[in-house]
2 protein chains.
Amino acid sequence: MDALDRKIIAALRLNGRATYAELGRTVGLSASSVHERVGKLESAGVITGYHAVVNPSTVGLGVTALVGIQPTDVAENDDLAEALSELPEVESCYAVAGDEAFVVKVRVGTVDDLERTLGRLRRIGGVARTRTTVVLSTRFEGRPNNNGLDEPPEGGA
Amino acid sequence: MDALDRKIIAALRLNGRATYAELGRTVGLSASSVHERVGKLESAGVITGYHAVVNPSTVGLGVTALVGIQPTDVAENDDLAEALSELPEVESCYAVAGDEAFVVKVRVGTVDDLERTLGRLRRIGGVARTRTTVVLSTRFEGRPNNNGLDEPPEGGA
DNA sequence: ATTGAAAGTAGATATTA
DNA sequence: TAATATCTACTTTCAAT
């Protein structure tokens, strides 16, 4: 991982459909060199995928909520995470410090759907309580954070 | 937005670098038709971008936290959101219901960095208190939620 | 709105430096 | 590791349906 890799990564975070030729022009390398570097970054698990970002409200997913999951005393976190992953409306799942085992991000169409989803969450074995925070607006989300990407981690004199 | 558009979107959420030819084979359309449909979906603001997903720990961003931002009585939400957007380590920002104005997701390299970032957050004008939840592990994140994408919104017999 | 053809461009691979 | 050359495949435009 050198400065060129970091530049390539930064460029692909901004535009995941950039061609190798474009990336080459951006970083000052031939397309084939970029191609090889990207392949290595993918193999090494640095780049884990490429995704189109969709405006949720345009596809009928207008309601977002953050839900804290408080487990029962006997619950196993891995079992809980597995059960949470089976609900498609749970988009992200974080194991957290504190008396909640997880915070999940839920995306649904309506508040009725949200009520249904919360019911399903509470019925999962090992879930004692849920605490729901309704998102009123998403100001920004998943923004590229190029701390340590544009510039070397130990960035100097 | 018909079933074909929904299939194209779902495919691009799974693989944002899929070629038009591939997408055409997936959905049963010619590459040029897919090309035109994708262009319209982009123009209509349904697809807002394409991003490479990077494993944060491989690029020196091993610490994630969720931070609730409690505002002072006089704070303006838009000013707060603007100030939050200026910290690169704030990756996502949600305006929420409740006594916190925002919940933000912060990604940094170390707990020392987290402490510094929390200090910066508290020093933002209009911020009364922060409440930090440290993420121990990300079980999954930004998973494609194809509610209403694979199948029509009103889908029932 | 979809297709198929034509021209240009990019991807993928092997070879060489 | 990077570049060049080659072949294959894809993108993009456009006329026709």
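In the text below, chain A, chain B and the rest are named by the order of the sequence lines, each starting its count at 1.
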A.B. asks: Tell me which of B:Arg17 and B:Leu4 sits closer to the 5' end of DNA chain C, going by the nucleotide each one is nearest to.
C.D. replies: B:Leu4
A.B. asks: On DNA chain D, does the nearest nucleotide to A:Gly28 precede the nearest nucleotide to B:Ala21 from the 5' side, or the other way round? Give the residue.
C.D. replies: A:Gly28
A.B. asks: Just compare D:dT13, D:dC10, D:dA2 and give me whichever is closest to any side-chain atom of B:Ser32.
C.D. replies: D:dT13
A.B. asks: For B:Arg37 and D:dT12, what is the distance between atoms CZ and P respectively, to the nearest whole Å?
C.D. replies: 18 Å
A.B. asks: List the atom of B:Gly45, the atom of A:Asn55, and the distance in Å for their closest heavy-atom pair.
C.D. replies: O-CB, 3.2 Å
A.B. asks: Which pair of non-hydrogen atoms, one from A:Gln70 and one from A:Asp99, has the smallest distance, and what is that distance?
C.D. replies: CG-O, 3.3 Å
A.B. asks: Can you establish whether the number of heavy atoms outside B:Glu76 located under 6.0 Å from its atom CD is more than 12?
C.D. replies: no
A.B. asks: Determine, for B:Tyr20 and A:Arg17, whether the Lys NZ or Arg CZ falls below 6.0 Å from the six-membered ring centre while staying within 45 degrees of the axis.
C.D. replies: yes
A.B. asks: Have a look at B:Glu22 and say if it touches a base, only the backbone sugar-phosphate, or nothing, with a 4.0 Å heavy-atom cut-off.
C.D. replies: nothing
A.B. asks: Work out how much the helix from C:dA1-D:dT17 to C:dA17-D:dT1 bends between its end axes, five pairs an end, to the nearest 10 degrees.
C.D. replies: 30°
A.B. asks: Taking C-beta and beyond as the side chain, do B:Ile9 and B:Arg13 meet within less than 4.5 Å on heavy atoms?
C.D. replies: yes
A.B. asks: From OH of B:Tyr20 over to C1' of D:dC10, roughly how many Å is that when rounded to an integer?
C.D. replies: 11 Å
A.B. asks: Is it the case that atom CD in B:Glu42 sees more than 12 heavy atoms from other parts of the structure closer than 6.0 Å?
C.D. replies: yes
A.B. asks: Can you give the first and last nucleotides of DNA chain C, 5' to 3', that have an atom under 4.0 Å from a heavy atom of chain A?
C.D. replies: C:dA10 to C:dT13
A.B. asks: Is there a side-chain contact between A:Ser33 and the phosphate of D:dA3, meaning an N or O under 4.0 Å from OP1 or OP2?
C.D. replies: yes
A.B. asks: Are the side chains of B:Val59 and A:Met1 in touch, meaning some heavy atoms are under 4.5 Å apart?
C.D. replies: yes
A.B. asks: So B:Thr19, base contact, sugar-phosphate only, or nothing? Heavy-atom distance under 4.0 Å.
C.D. replies: sugar-phosphate
A.B. asks: Quick one: does B:Val90's side chain get under 4.5 Å of A:Arg143's, heavy atoms only?
C.D. replies: yes
A.B. asks: Whole-Å distance between D:dT4 P and A:His35 NE2?
C.D. replies: 17 Å
A.B. asks: What is the minimum heavy-atom distance between A:Cys93 and A:Phe102, and which atoms define it?
C.D. replies: SG-CD2, 3.7 Å
